[in-house]
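Just so it is clear, the values below take in all heavy atoms, side chains as well, and ignore hydrogens, waters and symmetry mates.
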Amino acid sequence: MSECLPRAANGADASVIDDAKRLHLVGIGGVSMCALAEALAAGGHTVTGSDISGGRGVERLRAGGISVTVGHGAALIAEAAPGAVIRSAAIDDLNPEIMAAREAGIPVISRAQAWGRLMRRYERVLCVAGTHGKTTTTGMAAHIALEAGLDPSVMLGGELPPIDAGHRIGGGNLMVFEACEYRDSFLSFMPTVAVILNIELDHLDYFRDLDHILDSFARFAALTPGGGAVVANGGDRNVAECLRRIPPNVKDRRVIRFGTRPDCDVRLVAAPDMGAPIEIYAGGRLYAAAALKAPGAHNAMNAAAAAAAAYALGIPGAAVSRGLESFTGARRRFERLGHYNGAEVVDDYAHHPTEVAVTIETARGMGYKRVLCAFQPHTYTRTAALFDDFAAALAAADKLYVAEIYAARERPTGLSAAKLAGAVPRAEFFAGLDELRDALARDAMPGDLILTMGAGDIERVGRELAAAGD
């Protein structure tokens with residue numbers, strides 16, 4: 001593996017966690033931080049942490065014997081006496097615990113850096129990257145690894161039914177990891193197999209332009225060692241450009257291309273009818289076949305990517321078939337919630353124009369009378385930068401209900417989602433989620449699909465309707 005160690009903000013590198021018996025995690029309640037805390041505890045470290053609020057993750061950690069404080073304070077550092085502090089991406093330099101750690105000379109490491117260091121403890125590390133489809137593909141790969149009996153450790157951005165969480169700490173030598181490109185987090189990782197699903201313009205609050213994004217993905221792919229592999233979408237032009245930018249510093253790195261093109265190393269033959277088996281060929285021979293429960297052509301491509309990763313790892317095709325067959329989807333990925341007034345209620349995490357377009361297209365092909373789409377834009381920068389693309393994608397819905405922009409990590413800019421609603425036919429803007437929910441309840445009829453979409457808290461609308469429905 002690469003010996004390039006990410007540096008922490010105060011001069012330490014991520015190797016400090018190796019010898020630190022006690023570790024304190026600030027922002028421990030997030031999905032990735034919860035998984036990290038459990039992985040560190042399983043590795044023999046004494047772990048403590050803090051978070052601004054409680055929740056399911058905090059409850060799970062406490063049940064597992066990890067001490068978590070709700071609220072932040074400088075005194076927690078003295079009480080925990082850690083050898084290093086690990087912080088989530090949501091924790092800034094002015095957090096009192098970060099300031100106290102630095103004043104005491106305690107190294108501060110980012111979450112991504114800590115994960116990168118932990119990856120060195122595994123013989124094989126599968127990292128799944130791309131603008132779209134990371135969670136689903138990582139989930140599929142996890143199912144395949146479980147079916148193959150590899151007892152993997154898993155980290156992804158959504159919950160999987162078999163493990164009732166977004167992560168598991170296994171006893172095997174394989175880690176399956178969703179690798180996010182935002183703020184170049186994935187450049188701290190150490191993949192032996194790096195998957196690149198697709199590359200598009202996104203996260204423009206960090207990346208300058210597409211050229212910047214391509215360079216980052218090329219650097220991610222270059223992290224794979226000699227004997228490792230890059231699994232790449234053979235039909236994506238931006239991925240092809242990314243591959244051209246990989247420095248030729250490792251001569252025996254394999255590149256395995258997946259897709260529907262005849263020249264792909266792992267080729268997908270997609271079924272014409274939903275629910276019919278897809279076939280995946282590798283080396284010119286049938287490798288796996290599965291009837292996918294996750295709908296849509298995009299999920300067939302995600303399955304091909306997961307199969308190509310499994311092929312790179314030497315996993316038998318029979319386990320691939322079983323893993324893909326058993327995958328029912330991750331939470332908030334076309335998740336069926338129930339019914340309201342005869343309409344089916346589905347929630348999806350789509351928050352990029354391409355994801356929105358594919359999700360609506362998939363829904364329209366499933367036989368519903370109408371698609372009533374409730375969309376919540378995510379971040380001001382993404383909404384502004386991709387405004388026209390959002391408007392075009394959302395216009396495919398029969399009726400659109402637009403919620404106000406979910407700010408997430410950003411400060412208001414003056415842009416309102418009312419502008420987006422005004423650019424789309426048959427659209428209406430709602431300043432509050434309760435008003436939007438009531439409008440859906442009023443309009444829904446038997447045979448309709450109520451589709452809530454977005455990366456914010458729009459899901460509560462669908463869950464409340466399903467809970468009140470039939």
Exercise for review: Return yes if some donor-acceptor pair links the side-chain N/O of R22 with the main-chain N/O of A80 below 3.5 Å, else return no.
Suggested key: yes
ring-ring contact (aromatic ring centres under 6.0 Å, His included) between H132 and H298, worked out
CA-CA 9 Å; H132 320 295; H298 61 298; 10.0 Å; no
### Message
Could you check whether Y349 and T135, counting side-chain N and O atoms only, form a donor-acceptor pair closer than 3.5 Å?
### Response
no
I want to check something: taking the side chain as every heavy atom from C-beta on, are I280 and F258 in contact at a cut-off of under 4.5 Å?
no
Looking only at heavy atoms, the pair that brings Y281 and L286 closest together is CD2-N, 3.3 Å
Using a 3.5 Å distance criterion without hydrogens, assess whether the side chain of R364 forms a donor-acceptor pair with backbone atoms of A396. yes
Do any N or O atoms from the side chain of E410 and from the backbone of T381 form a donor-acceptor pair under 3.5 angstrom?
-> yes
Heavy-atom closest pair (M301 atom, T260 atom, distance to 0.1 Å) is CE-CG2, 4.2 Å
task = Could you tell me whether the side chain of D265 reaches within less than 4.5 Å of the side chain of R257, counting heavy atoms only?
result = yes
The reported gap from OG1 in T131 to CD1 in I199 (rounded to nearest 0.5 angstrom) is 6.5 Å
Lys/Arg N to Asp/Glu carboxylate O, R245 vs D211, below 4.0 Å:
yes
Counting only heavy atoms from other residues, nucleotides and ligands, does the tally under 6.0 Å from OH of Y311 exceed 12?
no
Correct closest heavy-atom pair for M140 and A306 would be CB-CB, 3.7 Å
query: Is any NZ, NE, NH1 or NH2 atom of the basic residue among R382 and D389 found under 4.0 Å from an Asp or Glu carboxylate oxygen of the other?
result: no
Is a side-chain donor or acceptor of T383 paired with a backbone partner of T379 at a separation under 3.5 angstrom?
yes
| Do I458 and F375 pass the side-chain contact (heavy atoms from CB on, under 4.5 Å) test, and can you show the C-alpha distance, the side-chain angles, and the key distance before you say yes or no? | CA-CA 7 Å; I458 186 71; F375 179 67; over 6 Å; no
Here the gap from I28 atom CD1 to E38 atom CD, rounded to the nearest 0.5 Å, amounts to 9.5 Å
CA sep, side-chain torsions, deciding dist, call: R111, S188, side-chain contact (heavy atoms from CB on, under 4.5 Å): CA-CA 9 Å; R111 175 198 62 193; S188 294; over 6 Å; no
Worksheet item: Between the side chain of T192 and the main-chain N/O of V125, is any donor-acceptor distance below 3.5 Å?
Response: yes
*Look at the rings of H203 and F207 and say which category their plane angle falls in: under 30° parallel, 30 to 60° tilted, over 60° perpendicular.*
tilted
Smallest heavy-atom separation, L386 atom then P353 atom, equals CD1-CD, 3.7 Å
| said: Donor-acceptor pair, distance only, cut-off 3.5 Å: does the side chain of R254 make one with the backbone of A312? | reply: yes
Worksheet item: Do the side chains of L223 and M190 get nearer than 4.5 Å, heavy atoms only?
Response: no
Rounded to the nearest 0.5 angstrom, the OG1-CG distance for T138 and L197 is 7.5 Å
Scanning both residues in full, the closest heavy-atom pair of V47 with I66 reads O-CG2, 3.4 Å
message = Side chains of P295 and F334, heavy atoms from C-beta outward: is any pair under 4.5 Å?
response = yes
(Q) For the backbone of I98 and the side chain of R87, can you confirm whether one donor and one acceptor N or O come within less than 3.5 Å of each other? (A) no
- Query: With a 4.0 Å cut-off, would you call R168 and D151 a salt bridge?
  - Reply: yes
M453 vs I360 side-chain heavy atoms within contact, under 4.5 Å
yes
Exam field: side chain N233 to backbone N198, donor-acceptor pair closer than 3.5 Å: no
Taken to the nearest 0.5 Å, the spacing of L372 CG from L449 CG works out to 7.5 Å
Legend entry - side-chain contact (heavy atoms from CB on, under 4.5 Å) between V31 and M155, worked out: CA-CA 9 Å; V31 174; M155 172 60 219; 3.7 Å; yes
Using ring-ring contact (aromatic ring centres under 6.0 Å, His included), reason through F189 and F220 one step at a time and then give a plain yes or no. CA-CA 8 Å; F189 300 157; F220 166 70; 7.7 Å; no
Test side-chain contact (heavy atoms from CB on, under 4.5 Å) on L36 and M33; report intermediate values, then the result. CA-CA 5 Å; L36 178 61; M33 289 289 279; 4.2 Å; yes
Answer yes or no: is there an ion pair linking R322 with E325, defined by an N-O contact shorter than 4.0 Å?
-> no
The reported gap from CZ in R463 to OG1 in T452 (rounded to nearest 0.5 angstrom) is 8.0 Å
TODO: Ignoring hydrogens and angles, state whether a donor on the side chain of D457 or Q376 is under 3.5 Å from an acceptor on the partner side chain.
DONE: yes
CG of L61 to OG of S67, rounded to nearest 0.5 Å, is 10.5 Å
- prompt: Any sub-3.5 Å donor-acceptor pair from H45's side-chain atoms to A20's backbone N or O?
  reply: yes
Note: L465 and Y340 closest approach over all heavy atoms is O-CD1, 3.3 Å
Q. If we only count heavy atoms from C-beta on, is the H167 to V154 side-chain gap below 4.5 Å?
A. no
Please answer whether the main-chain N or O of T137 pairs with a side-chain N or O of N302 as donor and acceptor at a distance below 3.5 Å. no
Hey, are the side chains of C127 and F186 touching, using non-hydrogen atoms and a 4.5 Å cut-off?
no
Residue pair S216 / E181, side-chain donor-acceptor N/O under 3.5 Å: no
